[in-house]
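Start at 1 and go down the list; that is how both ligands and their atoms are numbered. Fair warning: this is a prediction, and the values are worked out from it, not measured in the lab.
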Amino acid sequence: MATNNSSIDDYIRLAPVIPVVTIEDARASIDLAQTLLQAGLPVIEITLRTPAALDAISAIAKAVPEAVVAAGTILHASQISEVVDAGAKFIVTPGTPLLLAEQLRQAPIPVMPGCSTVSEAMTLASLGFDRLKFFPAAASGGAAWLKSVQGPLPGIAFCPTGGIDQANAASYLKLPNVACVGGTWVTPADALKASDFATIRRLASEAAALRTAG
Ligand code: 3PG
């Protein structure tokens, strides 16, 4: 059985929001991580959707060790060792076919696998994963889905991601089976492109205040 639950919990409960970042230029990643950390968001998911992703994970892991850098959009087992070598602290997947789930059980770092249905959540729980990304959250039933599964799926906590923003995040965070939420709204692509860290700092500070606001 996977034995990573206590440590994944340590990470996903550090802050109410995990910024999900698709980075085009790894050189910006250190300033980005420092900005998010200082604003109160120490956990950052870098998606493996660009060639710069592994370099960004590595740069953050080395230069900003107080941050917790996760590797997201893991689709293939071959990516596990790549992100571990780059220094990722944990792994996130958008969805989790059974073969990938079985390979993720062998990962040397914690994993938060993705699901969007009750059956997928049950399959993952049977493999030892009970901290799950719920993706795409808004399109898959949103806060109403999470509220509905509290009774039948006790013991599973979710990080809903996909369609969440500053306006609706609190409606998710108030649910007892939500550990945190994820989203791209804190690091808009145009702000990243322009190295507009003032905007990112403001959005991150607002997001960091959500737990108390919610
Ligand atoms: C993810 O990979 O988690 C999503 O791309 C985030 O979705 P969002 O852009 O709706 O926040």
Side-chain angles (χ1 to χ4, degrees), residues 8 11-24 29 32-33 36 39 41-54 56-57 60 67-76 79-80 82-83 86 88-97 100-101 104 110-117 120-121 124 129 131-146 157-173 175 178-193 196 199-200 202-208 210-211 214:
I8 192 80
Y11 295 144
I12 66 175
R13 294 189 188 277
L14 276 175
V17 177
I18 299 179
V20 176
V21 185
T22 296
I23 201 137
E24 301 292 343
S29 57
L32 173 68
L36 294 171
L41 299 183
V43 188
I44 309 161
E45 178 184 331
I46 302 288
T47 66
L48 260 61
R49 296 181 205 169
T50 56
L54 285 175
I57 290 170
I60 295 169
V68 174
V69 60
T73 321
I74 300 293
L75 303 177
H76 309 289
Q79 294 169 309
I80 298 171
E82 290 176 355
V83 302
K89 299 283 198 305
F90 69 102
I91 285 171
V92 186
T93 70
T96 322
L100 179 60
L104 288 166
V111 178
M112 182 164 68
C115 72
S116 67
T117 69
E120 289 166 8
L124 290 167
F129 298 108
R131 299 294 180 260
L132 308 178
K133 173 164 173 161
F134 174 47
F135 177 81
S140 305
W145 186 93
L146 290 157
F158 295 91
C159 171
T161 306
I164 299 183
D165 57 23
Q166 186 68 23
N168 64 14
S171 66
Y172 289 89
L173 288 165
L175 300 173
V178 169
C180 61
V181 301
T184 58
W185 86 91
V186 176
T187 56
D190 51 352
L192 273 175
K193 199 169 176 193
D196 179 2
T199 294
I200 292 171
R202 176 178 57 75
L203 293 168
S205 300
E206 289 167 7
L210 272 166
R211 181 85 76 198

What atoms of ligand 1 come within less than 4.0 Å of a heavy atom belonging to Thr161? 1 (C), 3 (O), 6 (C)
For the pair Thr50 (side chain) and Thr22 (backbone), establish whether a donor and an acceptor sit closer than 3.5 Å, ignoring hydrogens and angles. no
Distance under 4.0 Å to a non-hydrogen atom of Val20: what atoms of ligand 1 satisfy this? 1 (C), 2 (O), 3 (O)
Below 3.5 angstrom, do we get any N/O pair linking Thr184 and ligand 1? yes
Hey, is ligand 1 close enough to Arg49 that some N/O pair sits below 3.5 Å? yes
Does some side-chain heavy atom of Ser140 sit less than 4.5 Å from a side-chain heavy atom of Phe134? yes
Is Lys133 paired with Glu45 through a side-chain N to carboxylate O contact shorter than 4.0 Å? yes
Just distances here: any N/O of Lys133 and N/O of ligand 1 closer than 3.5 Å? yes
Are any of the N or O atoms of Gly163 closer than 3.5 Å to those of ligand 1? yes
Tightest non-hydrogen contact, residues Gly183 and Thr161, listed as N-CG2, 4.0 Å
With a 4.0 Å heavy-atom cut-off (strictly under), which part of Trp185 contacts ligand 1: side chain, backbone, both or neither? neither
Any idea which atoms of ligand 1 are less than 4.0 Å away from a heavy-atom of Gly162? 7 (O), 10 (O)
Protein contact to atom 4 (C) of ligand 1 [nearest heavy atom, distance to 0.1 Å]: Phe135 CE1, 3.6 Å
Determine yes or no for a side-chain-to-main-chain donor-acceptor pair under 3.5 angstrom, with Glu206 supplying the side chain and Gln166 the backbone. no
Under a 3.5 Å distance rule, please check whether Thr93 uses its side chain to pair with a backbone N or O of Gly114 as donor and acceptor. yes
For the backbone of Gly163 and the side chain of Asn168, can you confirm whether one donor and one acceptor N or O come within less than 3.5 Å of each other? yes
May I ask you to list the atoms of ligand 1 that are less than 4.0 angstrom from any heavy atom of Gly183? 11 (O)
